[in-house]
Structures are given as structure tokens and as C-alpha cells.
Enquirer: 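Got a structure here, written out as C-alpha cells. Questions coming.
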Amino acid sequence: MSNALIVHKAHLPKPLLSVRAAQYVRMSTDRQQYSIENQAAVIAAYAHAHHLTLVRTYKDEGESGLLIKNRAGLLQLLEDVESNQADFGHLLVFDVSRWGRFQDVDESAHYEFVCRRAGIQVAYCAEQFENDGSMLASIVKNIKRVMAAEYSRELSAKVYAGQCRFARLGYKPCGRAGYALVRELVDEKMQTRRVMKKGERKYILTDHIRIRPGDPMEVAVVKWIFDRFLEVRSETVIAWELNQKGLVSSTGAAWTRAAVGTVLRNESYIGNLIFNRKSQKLRQAAVRNPPEQWIRSEGCIEPIIDREVFFTARSIMENRRVDLSEQEMLVRLRKTLLKEGRLTPAIIDRTPGLPCAATCQTHFGNFRNLYRLLGYTPKRNYEFLDARPFWSELRAKLIEQAAAAIKAAGGRVSSGGWSHCLRVSGSVCVSVRAARWSPGQKPTHAPYWSIEREACLPDGWIAAIRLAEHNQTVLDYVLLPTDGKVKRTIRFSEAARARRGIARFKTANGLVQAITRRLTKADPTTHTLRTRRRRRPKAMQSRTRKIHRRR
């Protein structure tokens, strides 16, 4: 089979690149003048006037300009430019603010610089100045960036003030309704329009959102939670019983101690709406506000729980809280250890008079330090924690080796935004993890391996370094697919590995070759040539079969 001539996008002649252009368009939900169609029309007119051909579009629709992490279009643009995959010489943008309304005005300047450094000229089609690098253009661009950031700050203050005003009137400005509650859209005459779905927004200024009880079955569950708590006084027990009944929380996940506590503390069930407990402005980290800044609107929701029952449950939880010194914590923990014979986070959480396991971890750093102070040696071996820096370094080297092999095969590689991960060609993700060895539950049981994955790992593959006994050395390497919906911890024995078809490799090179073979074969953009065996004509196949029969 003869080799075909392959034209790589990044190697187009310069005269051809000089007439090819890409456009970047972004629309948030604040102003109609920045709609995708309006931007595209202005950019198309600019390209026609300057004799440019639009060959590529990078688009972010309905995304805020405050952060870059959720903007797939801009991330793909920067990835193509930095990896020398851009097949155009011009980038057309509607105006300076389309890069983003970043609070650090140097951020949008940096993204423009990345394009210019790659030899791509950036033009702002709706601005009144030419982006020619002159002093005037530099001054105007910087002013425009400051104005874009200030617009976001002013809009944030106005939105926050409006939300506080509507919360005082008993409306739900934002956020989830809570378990057994729904958001109801009403008009200016308080007539019901419909029940809002999860993530749905209102679009008419005169409409508002109120909270009311929802599914009768969930309402019954809330009443049961309060009644049951007055009996057992344990959120953990209630969560276990709810999960045994096959019920899920408001997020669709299993019930936990924290989820039950959230229900028990929610004043919406007695008719009160509380707003501004937390605030998150300009997409920064959420801040807990002091109680004097909370906005409370009483009696605006149909109550589910009797007030006396609610405040009795609250009193139980408040009286259960203990403020202890670290020395007193150790004394009580040591008494619990002597009584139970062992100490685990679950035992700490269910024992009255003890701080919760999270508080212990905050005070003592981790449970190994706590056990050391108590003179307690648990059965579980925690030596693998000391080896974490070594395994992290080994994972990083494996990531570098896989990235180099995929690039050599013609694939495009980026970090993907996850630690120890590779995103290949913007779609498939490879996550490198360590499979930790653990002994069986009983002496007769076979050992097993555990892989701890990230909470939001996308579709793709998990490449794991399987550790030998006591997690001191490498046993081998395994490769298994994931659909992004697997459990947080993946466990398997050697027999389960063979039964589930998890591929095993003796060396890191074998694992890297398998990853490269699978991903480059699935990537339609890779420019690798593969030869296929030609099928012989039927007459020749028939003749060959006859010869074999004679033999």
C-alpha cells in the first residue's frame, strides 16, 4: 500500500495563513446586544472588508466572562494556538470585553499575547481603533479592560441589592428550594404560572419565585425525619434507615449525616425564608455571613413541621455541641478507646460528648497523629501515606511518558483541568492513579486493590500503578475504561481483574504503548498511517481450502 501525502494544518504556507481567519464569540446572559448572531454578523462584515476567509469558529454560549474554567471554546482556542495546531493567521473578536470581564485586567491581555506570540493577529471588529500595537491602541485596550471589569462589579452590586429586596418580600431570589420543596413561578398578581425545574430561570421581570411544599411523599419523609430524630437523636441512624428504604436526598444521592442535618436545620419547613447566609460575588469563593446580615422573612411558606417540634430538635443539636480544649478531647477519646476497644471516625461521630471526626481532624491534622497521641495502633496499615510523595512522582513521570508517546503518534494532549490526567484531542481523558494493596478481610480471603478516583472524573481510561504487598514496590500496571459514573473507590481482586477484563501490563512501557494504541486509533484527527491486510480473492481462498483438504 503506497503512502499518502498528508497535509498538516500547522504547516500551511504563510501566504495561505494570511488570508485565513478564525472567530471567537461569547455570550453571557446579561445583554442582548452581545448575542452570538450579532457578533457573527459584525465579524463577517469585517472579514469581507479585509478579504479574509473565516475557517473556524470558537464559541462560548451562555457563559460568564468572569472565569475561564467553564469556557470550552476559549480553552480550545488557546490549546490549538499553543500546540501549533492553528490553521489561520487572524483571530477576529467582537470587542475587547469578549475575552472576559476578568477582575484582573491583565488576564485578558495575556490571552491576546498568547495568540500574538504564535504569529496570529488579533482584530476587534466592533471597536473604533485598530489593534496595531501603537501607543493609542494599548491605552484604549487597557481602558476597555478596566471598564469591562467595572461593569461586572457594578452589575454584581445591583443584582445583590435586588435579591435582598425580593427576599424581604418573601420571594426566593436564587438557590435550590430544598428537600420536599419546589420553586413556584408566580406573576405580579400572585397567580401560579408553573413549577420551576432544576436550573431553570425566570425571564419576565414581573414574575417572581416562591417556595411551597412539593411531593407529598417527600413531605411525609421530612415529618418522619423530625419525629425519628426526637426518638434516636442521631442523624447517622436516620441516614442509614433512609438508605435502607431506597430513598434519595434532594441531590439524588444517598442520604448522609450532613444531609439529614441540613433538613433538621432548615427553617423553610416552619414557614420562614432565610437569605444571605452565604454570599458569592463575582464568582469568587463563597463567604459565610454573620447572623446579623441574614435576611429573614417569616410566614411566607406553607409550614410542614410544627414549630415546637422544630425548635425541640434544634435545641437537641445545640446542646449536643461541646467546646473542648485539645487536652480534654484527648481525655474523652482515650476513655472511648478503652470502652470500645478501637477507635474509628464512625465511633467518634456516634459517641455523645465527643467532637465529630472532622473536628478531630482539624485539631490534630489527621487520624494518624491522633492515634499516636493516644498510644493506639490500629489494625489498618497506614504506611502507604508515607509513600504518597514517591507514588505521586511516579505518576507524574508516567503522565509525561504517555504524553510524549501520544504526541509522537500525532495526538493532541492537554492537562484537561484534573490532576495527573491527560485529555487527548480535547475529548478522551486518561487518569493515572495508584492501585493500593490491601489484605483480605479474613486470612483465607485473597488480597485486593483499591483505586481512589476524583469525584468528577470524565469519560475515558484509568491507568493505575498496581502496588505489591505492603505498598512498598510496584507489582504491575492495569488499564480500565470508565464512563465517569463509577464509584469513588474502585476495588478488585486478581480474580475479579481477570473476570472483568482489566488489562494488565508488566512494564510502564507496555502500558504506555497500549494507551497510545487505543487513543490514537480512536482519534480521527491523528495523521498516522495503518496498513490493512488485503483479502484474497474468493477463487484463491477456495483453491487454498482444497489444497489443505488434500493434505
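We count residues from 1, following the sequence as given. Since the model is a prediction, treat every value here as computed from it, not as a measurement. Excluded from the calculations below are hydrogen atoms, water molecules and symmetry mates; all remaining heavy atoms, backbone and side chain alike, are included.
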Enquirer: Considering residues, nucleotides and ligands other than Q327, do more than 12 of their heavy atoms fall under 6.0 Å from its CD?
Expert: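 No, the 6.0 Å shell around CD holds no more than 12 heavy atoms from other groups.
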Enquirer: Between R20 and D87, is there a donor-acceptor pair closer than 3.5 Å when you use the side chain of the first and the backbone of the second?
Expert: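 Such a contact is found between R20 side chain and D87 backbone.
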Enquirer: So, does R497 use its side chain to make a donor-acceptor pair with the main chain of I502 at under 3.5 Å?
Expert: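 Judged by distance alone, yes, a pair lies under 3.5 Å.
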Enquirer: Can you tell me if R233 has over 12 outside heavy atoms packed within less than 6.0 Å of its CZ?
Expert: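 Atom CZ in R233 is not crowded, with 12 or fewer foreign heavy atoms closer than 6.0 Å.
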Enquirer: Kindly give the heavy-atom pair with the smallest separation between V512 and A402, and that separation in Å.
Expert: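 Here V512 and A402 meet closest at CG1-CA, 4.0 Å.
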Enquirer: Find out whether L354 and L324 are in side-chain contact, i.e. whether some heavy atom of one side chain is under 4.5 Å from a heavy atom of the other.
Expert: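 Side-chain contact under 4.5 Å: no.
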Enquirer: Between the side chains of Q76 and D80, does any donor sit under 3.5 Å from an acceptor?
Expert: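 The criterion, which ignores hydrogens and geometry beyond distance, is satisfied for D80 and Q76.
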Enquirer: Starting from the C-alpha separation in whole Å, work towards a yes-or-no answer on side chain to side chain contact (heavy atoms under 4.5 Å, CB included) for R117 and E82.
Expert: CA-CA 9 Å; R117 182 176 57 186; E82 292 182 318; 4.2 Å; yes
Enquirer: Tell me, please, which residues at least two apart from R314 pass salt bridge (Lys or Arg N to Asp or Glu O under 4.0 Å).
Expert: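 Only E267 meet the salt bridge (Lys or Arg N to Asp or Glu O under 4.0 Å) criterion with R314.
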Enquirer: Distance check, rounded to the nearest 0.5 Å: S325 atom OG versus L330 atom CG?
Expert: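 Answer rounded to 0.5 Å: 8.5 Å.
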Enquirer: Between atom CG of L374 and atom NZ of K335, what is the distance when rounded to the nearest 0.5 Å?
Expert: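 Going from the CG atom of L374 to the NZ atom of K335 covers 13.5 Å.
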Enquirer: Side-chain polar contacts of residues 245-262 - donor-acceptor pairs under 3.5 angstrom, sequence neighbours left out - could you list them?
Expert:
| from | atom 1 | to | atom 2 | distance (Å) |
| --- | --- | --- | --- | --- |
| S249 | OG | T251 | OG1 | 3.1 |
| S249 | OG | A253 | O | 3.1 |
| W255 | NE1 | V248 | O | 3.3 |
| T256 | OG1 | A259 | N | 3.2 |
| T262 | OG1 | A258 | O | 3.0 |

Enquirer: Which value, rounded to the nearest 0.5 Å, describes the distance between L475 atom CG and I465 atom CD1?
Expert: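 Those atoms lie 12.0 Å apart.
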Enquirer: Could you tell me if the side chain of K59 sits less than 4.5 Å from the side chain of M27, heavy atoms only?
Expert: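 No, side chains not in contact.
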Enquirer: Check for a donor-acceptor pair, side chain of D60 on one end and backbone N or O of L74 on the other, with a separation under 3.5 Å.
Expert: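 Yes: the side chain of D60 pairs with the backbone of L74.
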Enquirer: May I have the step-by-step check of side chain to side chain contact (heavy atoms under 4.5 Å, CB included) for L398 and L394, ending in yes or no?
Expert: CA-CA 6 Å; L398 189 58; L394 195 63; over 6 Å; no
Enquirer: Report the C-alpha separation of L480 and I451 in whole Å, then their side-chain angles, then the decisive distance to 0.1 Å, and conclude whether the side chain to side chain contact (heavy atoms under 4.5 Å, CB included) test is met.
Expert: CA-CA 11 Å; L480 62 156; I451 300 175; 4.1 Å; yes
Enquirer: If you round to the nearest 0.5 Å, how far is CG of L370 from CD1 of I348?
Expert: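 The CG atom of L370 is 6.0 Å from CD1 of I348, to the nearest 0.5 Å.
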Enquirer: Please round to the nearest 0.5 Å and tell me the distance separating atom CD1 of I225 and atom CG of L230.
Expert: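 If we round to the nearest 0.5 Å, I225:CD1 and L230:CG are 12.0 Å apart.
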Enquirer: Is there side-chain contact between I68 and L78, with at least one heavy-atom pair below 4.5 Å?
Expert: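 When only atoms from C-beta onward are counted, L78 and I68 do touch, with a gap below 4.5 Å.
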Enquirer: What pairs with F229 under ring-ring contact (aromatic ring centres under 6.0 Å, His included), at least two apart in sequence or on another chain?
Expert: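 Expected list: none.
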Enquirer: Strictly below 4.0 Å, N to O, side chains only: are E494 and R504 in salt-bridge contact?
Expert: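 No salt bridge links E494 with R504.
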Enquirer: Taking only Lys NZ, Arg NE, NH1 and NH2, and the carboxylate oxygens of Asp or Glu, determine whether E400 and K397 approach each other closer than 4.0 Å.
Expert: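 Result for this pair is no, no salt bridge flagged.
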Enquirer: Quick one: CZ on R372 to OG1 on T377, what's the gap to the nearest 0.5 Å?
Expert: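 If we round to the nearest 0.5 Å, R372:CZ and T377:OG1 are 10.0 Å apart.
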Enquirer: Any donor-acceptor pair under 3.5 Å linking the side chain of S156 with the backbone of S152?
Expert: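 Absent.
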Enquirer: Could you work out, with salt bridge (Lys or Arg N to Asp or Glu O under 4.0 Å) as the rule, every residue matching R116, not counting sequence neighbours?
Expert: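 In terms of salt bridge (Lys or Arg N to Asp or Glu O under 4.0 Å), with neighbours along the sequence ignored, R116 is linked to E112.
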Enquirer: How far apart are the C-alpha atoms of L91 and V81, what are their side-chain angles, what is the distance that settles it, and do they pass the side chain to side chain contact (heavy atoms under 4.5 Å, CB included) test?
Expert: CA-CA 11 Å; L91 178 64; V81 170; over 6 Å; no
Enquirer: According to salt bridge (Lys or Arg N to Asp or Glu O under 4.0 Å), who are the partners of K278, at least two apart in sequence or on a separate chain?
Expert: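 K278 satisfies salt bridge (Lys or Arg N to Asp or Glu O under 4.0 Å) with no other residue.
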Enquirer: On a heavy-atom basis, which atom in A22 and which in Y58 lie closest, and how many Å separate them?
Expert: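 Nearest pair, atom of A22 first, then Y58: CB-CE1, 4.0 Å.
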Enquirer: Which pair of non-hydrogen atoms, one from Y376 and one from L343, has the smallest distance, and what is that distance?
Expert: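 Closest heavy-atom pair between Y376 and L343: OH-N, 3.6 Å.
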Enquirer: Any non-hydrogen side-chain atom of Q401 less than 4.5 Å from a side-chain atom of N509?
Expert: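 They are in side-chain contact.
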Enquirer: Answer yes or no: is there a side-chain heavy-atom contact under 4.5 Å between M329 and T359?
Expert: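 Answer yes - side chains close enough.
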Enquirer: On the 0 to 90° scale, with breaks at 30° and 60°, tag the F492-W449 ring pair as parallel, tilted or perpendicular.
Expert: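 Parallel.
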Enquirer: Below 4.5 Å, heavy atoms only, C-beta onward: do L373 and L333 meet side chain to side chain?
Expert: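 L373 does not reach L333 side chain to side chain.
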Enquirer: Do the non-hydrogen side-chain atoms of W224 and E241 ever get within less than 4.5 Å of each other?
Expert: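 W224 vs E241: side chains touch.
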Enquirer: Among all residues two or more places apart in sequence or in another chain, which pass the salt bridge (Lys or Arg N to Asp or Glu O under 4.0 Å) test with E107?
Expert: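 With sequence neighbours excluded, E107 shows a salt bridge (Lys or Arg N to Asp or Glu O under 4.0 Å) to no residue whatsoever.
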Enquirer: Would you call D215 and V221 a side-chain contact if the rule is heavy atoms closer than 4.5 Å?
Expert: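 Side-chain contact under 4.5 Å: no.
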Enquirer: Looking at R518 and A503, what are the two nearest heavy atoms and their distance?
Expert: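 Minimum heavy-atom contact is NH2-CB, 4.3 Å.
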Enquirer: Where is the tightest heavy-atom contact between I347 and R342, given as atom of each residue plus distance?
Expert: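 Residues I347 and R342, closest heavy atoms: CD1-O, 3.7 Å.
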Enquirer: So, the side chain of R71 versus the backbone of W99: is there a donor-acceptor pair under 3.5 Å, distance only?
Expert: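 The answer is yes, because a donor-acceptor pair under 3.5 Å joins these two groups.
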Enquirer: Between the side chains of R436 and S438, does any donor sit under 3.5 Å from an acceptor?
Expert: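 No - no donor-acceptor pair under 3.5 Å links their side chains.
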Enquirer: Compare every heavy atom of P345 with every heavy atom of Y371, then report the nearest pair and how far apart it is.
Expert: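 Taking Y371 first and P345 second, the nearest heavy atoms are OH-CD, 4.2 Å.
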